[in-house]
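Side-chain atoms are counted along with the backbone in the values below, which use heavy atoms only and exclude waters and symmetry mates.
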Amino acid sequence: MESINLTDISFNKNFKWLNKPSSYKLDGDVLIVTTDNKTDFWQETWYNFRVNTGHIFGAEIKGDFSLEICVEADFTTLYDQAGLMIYADEKHWLKAGIEYNDGQPMIGSVLTRDLSDWSTGVFTEDPRKFWLRMTKVNNVLCVKYSADNTTWRLLRLCPFAVDKYLVGPMCCSPQREGLIVKFSEAKFSKPPEDILHSN
């Protein structure tokens, strides 16, 4: 966002909805969302459907950035999900966070370039509260996660050759309605010199 300092971006001033939910509460830097029924983002792979109905509360960004956020939710139903998303259009985006699959909340990400992929793994700590960091430098996107906001682990490093996008908290519930997600501590900043190895 060329005309706005990254550190000045806030929920109240710069964010807008893609697929605004029926129920949400914004109180300063805390956003609480209740998902609508059968909401999701996916493009065709394996399931052979295209859906673009999930909720994103994002800031419009151009160029490089780093965004951290705290996510709190009780994931109980298949494909319940919440985290961060960078979204250019319905066929070019990445979402990352916790998603309920294989009978438990899992950490994972989906990168879509026309078609969606999906990478997921076991989250070994308490999934009801975690932190995400998404950083973009040039045409590279780095996503890390933390269970304590101190130790950060790499979740994904991938190409993302898009220069204008919506970035912010995301949540969906493809099999139901009513997943309640709390987002807080959102903080934009300038990316570090080494996005891969910096903690």
Within the structure provided, determine whether Val30 and Phe183 are in side-chain contact (heavy-atom separation under 4.5 Å). no
Less than 4.5 Å apart, any side-chain heavy atom of Lys187 and any of Ser66? no
Within a strict 4.5 Å, meaning less than it, do heavy atoms of the Arg156 and Ser119 side chains meet? yes
Report yes or no: do Leu6 and Phe15 belong to one cluster of Ile/Leu/Val/Met/Phe/Trp/Tyr joined by side chain heavy-atom distances under 4.5 Å? yes
Worked verdict on Ile86 versus Met134 for side-chain contact (heavy atoms from CB on, under 4.5 Å): CA-CA 9 Å; Ile86 180 169; Met134 183 177 288; 3.7 Å; yes
Contacts of Lys95 meeting salt bridge (charged side-chain N to carboxylate O under 4.0 Å, His left out) (sequence neighbours excluded), chain-then-number -> Asp40
Please step through side-chain contact (heavy atoms from CB on, under 4.5 Å) for the pair Glu185 and Glu68, ending with a clear verdict. CA-CA 7 Å; Glu185 302 175 32; Glu68 293 182 12; over 6 Å; no
Verify side-chain contact (heavy atoms from CB on, under 4.5 Å) between Phe160 and Val140, making sure each step is shown before the conclusion. CA-CA 5 Å; Phe160 196 80; Val140 177; over 6 Å; no
Separation between OG (Ser184) and CD1 (Ile32), nearest 0.5 Å, reads 9.0 Å
Are side-chain heavy atoms of Lys129 and Asp126 found at a separation under 4.5 Å? no
Report yes if the side chains of Thr120 and Ile107 come closer than 4.5 Å at any heavy-atom pair, otherwise no. no
Nearest 0.5 Å, what's the CG-NZ distance between Asn5 and Lys190? 10.5 Å
At their closest point, which heavy atom of Asn139 faces which heavy atom of Ala161, and how far apart are they? OD1-CA, 3.5 Å
Do Leu154 and Cys142 have side chains that get closer than 4.5 Å, going by heavy atoms? yes
Which atom pair, heavy atoms only, marks the closest approach of Arg133 to Ser198? NH1-O, 4.1 Å
Output the distance between atom CZ (Arg50) and atom CG (Asp114), rounded to the nearest 0.5 Å. 7.5 Å
Kindly give the heavy-atom pair with the smallest separation between Cys172 and Leu179, and that separation in Å. O-CD2, 3.6 Å
Heavy-atom side-chain contact between Leu94 and Val143 under 4.5 Å: yes
Does the side chain of Thr76 come under 3.5 Å of the side chain of Asp74 through a donor N or O and an acceptor N or O? no
Side-chain heavy atoms under 4.5 Å apart, restricted to Ile/Leu/Val/Met/Phe/Trp/Tyr: what other residues fall into the cluster of Trp131, or is it alone? Trp152
Assess the side chains of Asn12 and Ser10: does a donor N or O sit below 3.5 Å from an acceptor N or O? no
So which pairs with a foot in residues 18-33 pass side-chain hydrogen bond (donor to acceptor under 3.5 Å, both in side chains), sequence neighbours left out? Ser22-Asp36
Please test Phe57 against Phe11 for ring-ring contact (aromatic ring centres under 6.0 Å, His included), starting from the C-alpha separation and ending with a verdict. CA-CA 8 Å; Phe57 192 53; Phe11 278 167; 5.6 Å; yes
May I ask you to decide if Asn138's main-chain N or O and Asp64's side chain share a donor-acceptor pair within less than 3.5 Å? yes
pair Tyr165-Lys136: side-chain heavy atoms closer than 4.5 Å: yes
Within one Ile-Leu-Val-Met-Phe-Trp-Tyr cluster: Val167 and Leu26, side-chain cutoff 4.5 Å: yes
Same cluster or not: are Ile195 and Ile69 linked, directly or through other Ile, Leu, Val, Met, Phe, Trp or Tyr residues, by side-chain heavy atoms under 4.5 angstrom apart? no
Under 3.5 Å, is there a donor-acceptor pair between the side chain of Thr7 and the main chain of Ser189? no
Set out, in order, the CA-CA distance, both residues' side-chain angles and the distance that settles salt bridge (Lys or Arg N to Asp or Glu O under 4.0 Å) for Lys91 and Asp89, then state yes or no. CA-CA 5 Å; Lys91 294 186 179 180; Asp89 57 47; over 6 Å; no
Heavy-atom donor-acceptor pair, Lys13 side chain to Asp8 backbone, under 3.5 Å: yes
Residues clustered with Trp118, ILVMFWY side-chain links under 4.5 angstrom: Leu18, Phe41, Trp42, Trp46, Tyr47, Phe49, Val51, Ile56, Leu78, Tyr79, Met85, Tyr87, Trp93, Val110, Leu166, Met170
Quick check: closest heavy atoms across Leu84 and Pro169, and the distance to 0.1 Å? CD2-N, 3.9 Å
Indicate the atoms forming the closest heavy-atom contact of Ala88 with Val162, along with that distance. CB-CG1, 3.6 Å
Could you give the distance from OG1 (Thr35) to CG (Asp80), rounded to the nearest 0.5 Å? 7.0 Å
CZ/Arg128: more than 12 non-hydrogen atoms of other groups inside 6.0 Å: no
Minimum-distance pair of heavy atoms, taken over all atoms of Val181 and Val71: CG1-CG1, 3.9 Å
Rounded to the nearest 0.5 Å, how far apart are CD of Glu125 and CZ of Phe130? 12.0 Å
Residues forming a side chain to side chain donor-acceptor pair (under 3.5 Å) with Thr34, sequence neighbours excluded: none
Using a side-chain heavy atom cutoff under 4.5 Å and only I, L, V, M, F, W and Y, what cluster partners does Val122 have? Met106
Return the CD1 to CG distance between Ile9 and Leu67, rounded to the nearest 0.5 Å. 8.5 Å
Within the side chain of Thr39, is there an N or O that forms a donor-acceptor pair under 3.5 Å with the backbone of Ser173? yes
Considering only NZ, NE, NH1 and NH2 on the basic side and carboxylate oxygens on the acidic side, decide whether Glu60 and Lys16 come within less than 4.0 Å. yes
